[in-house]
> 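Sharing a structure below in structure tokens format, with a few things to ask.
Just follow the structure's listing: the first ligand is 1, and inside any ligand the first atom is 1.
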Amino acid sequence: MRLLVATRSGHKLREIRGLLADVPGLRLVDLNDVGIAETPKEEGVEAFETFEDNALAKATFFQKASGLPTVADDSGLEVDALGGRPGVRSKRFAPGGEDLPGEERDRLNNEHLLTLLEDVDLSDRTARFVCAAALVREPGKHRIFRGEVEGLILGRPRGWDGFGYDPLFFHRPLGKTFAELSREEKSRLSHRGEAFRALGAHLRSTQTGGAET
Ligand code: IMP
């Protein structure tokens, strides 16, 4: 089966390719492979209040555009001391960052988060990354998988790998931020890892004769 992975993020694409690599008979293609250029309309698709609704809207949009079974995810950071913010607005959190390229926007988002948490003790800086992955095989036929990972928001960035809030997100059991993890460690622990492993298990079970929903 050809499956379109609908993301414009190179980081996410690499992670997702790794996570679905062992599903037999699956050929992953990306938006460039199928020639779907970025449009302003695409940005407006993720306008909902939950990760699940956004992932489903994105997968539905690109399934329609490509005619292929499509997977899309929506993910973000929920910080308890901020009432769950930035949540579904994680990408466009910092004022003025909307139109900046990825790395600059990430840096501004991290600075904004640190400013908001300035007076919050480390023990109260609990947070989680959340990912919802939606699979749309054809119009009206979808499944959604969710993954979460708990952590703490540090007072300053640590580590050089990863993207987004990774340098501030401290995973207590490993004693490292997500920007200090190897790719294998991040795949094993991350919200995206959990969601896409569940999606991979579903694909495997439906390809080997399980009930397809
Ligand atoms: P989206 O799923 O592309 O809408 O991403 C939302 C935003 O959440 C990203 O731009 C990052 O700021 C943040 N985010 C999601 N997943 C991760 C992760 O694995 N590490 C760091 N930041 C993440």
> Report yes or no: does a heavy atom of His191 sit under 4.0 Å from some atom of ligand 1?
yes
> Got a salt bridge between Asp22 and Arg204, using NZ or NE/NH1/NH2 to carboxylate O under 4.0 Å?
yes
> Could Arg89 and Glu49 be called an ion pair, given the rule that one side-chain N must be under 4.0 Å from one carboxylate O?
yes
> Heavy atom of Asp74 under 4.0 Å from ligand 1?
yes
> Any heavy atom of Asp166 sitting closer than 4.0 Å to ligand 1?
yes
> Taking atom CZ of Arg14 as the centre, report whether more than 12 heavy atoms of other residues, nucleotides or ligands fall under 6.0 Å from it.
yes
> Return the residue, atom name and 0.1 Å-rounded distance of the protein heavy atom closest to atom 17 (C) of ligand 1.
Phe163 CZ, 3.4 Å
> So which heavy atom in the protein is nearest atom 8 (O) of ligand 1, and how far is it from that ligand atom?
Ser90 CB, 3.3 Å
> I need the atoms of ligand 1 closer than 4.0 Å to a non-hydrogen atom of Lys12, numbered in the order shown.
1 (P), 2 (O), 3 (O)
> For the residue pair Ile144 and Ala132, what are the closest heavy atoms and their distance?
CG2-CB, 4.3 Å
> Check whether any heavy atom of Glu15 sits under 4.0 Å from an atom of ligand 1.
no
> Could you check atom 5 (O) of ligand 1 against the protein and tell me its nearest heavy-atom contact, residue, atom and distance included?
Ser75 O, 3.6 Å
> Which atoms of ligand 1 have any heavy atom of Arg192 under 4.0 Å away?
15 (C), 16 (N), 17 (C), 19 (O)
> For atom 23 (C) of ligand 1, grab the closest protein heavy atom and report residue, atom and distance to one decimal in Å.
Phe129 CE2, 3.6 Å
> Would you mind running through ligand 1 and noting each atom that sits below 4.0 Å from a heavy atom of Lys186?
18 (C), 19 (O), 20 (N)
> Step by step, work out the side-chain contact (heavy atoms from CB on, under 4.5 Å) result for Asp74 and Glu46.
CA-CA 8 Å; Asp74 190 39; Glu46 293 178 75; 2.9 Å; yes
> For Lys186 and Asp166, what are the C-alpha separation, side-chain angles and deciding distance, and is it a salt bridge (charged side-chain N to carboxylate O under 4.0 Å, His left out)?
CA-CA 10 Å; Lys186 186 165 180 193; Asp166 279 346; 2.9 Å; yes
> Any carboxylate oxygen within less than 4.0 angstrom of a Lys/Arg side-chain nitrogen, looking at Arg8 and Glu42?
yes
> Could you list the atoms of ligand 1 found under 4.0 angstrom from a heavy atom of Gly164?
12 (O), 21 (C), 22 (N)
> Where do Asp106 and Lys91 land on the salt bridge (charged side-chain N to carboxylate O under 4.0 Å, His left out) test, with the steps shown first?
CA-CA 8 Å; Asp106 286 350; Lys91 191 169 168 185; over 6 Å; no
> Does a salt bridge link Arg105 with Asp99, judged by any charged N lying under 4.0 Å from a carboxylate O?
no
> Any heavy atom of Gly162 closer to ligand 1 than 4.0 angstrom?
no
> Just to be sure I'm reading this right: ignoring hydrogens, which of Phe178, Phe51, Tyr165 gets closest to atom 12 (O) of ligand 1? Compare them by their nearest heavy atoms.
Tyr165
> Look at Glu78 together with Arg128 and state whether they make a salt bridge at an N to O cut-off of under 4.0 Å.
yes
> Can you name the atoms of ligand 1, numbered from 1 with element, that are less than 4.0 Å from a heavy atom of Glu46?
4 (O)
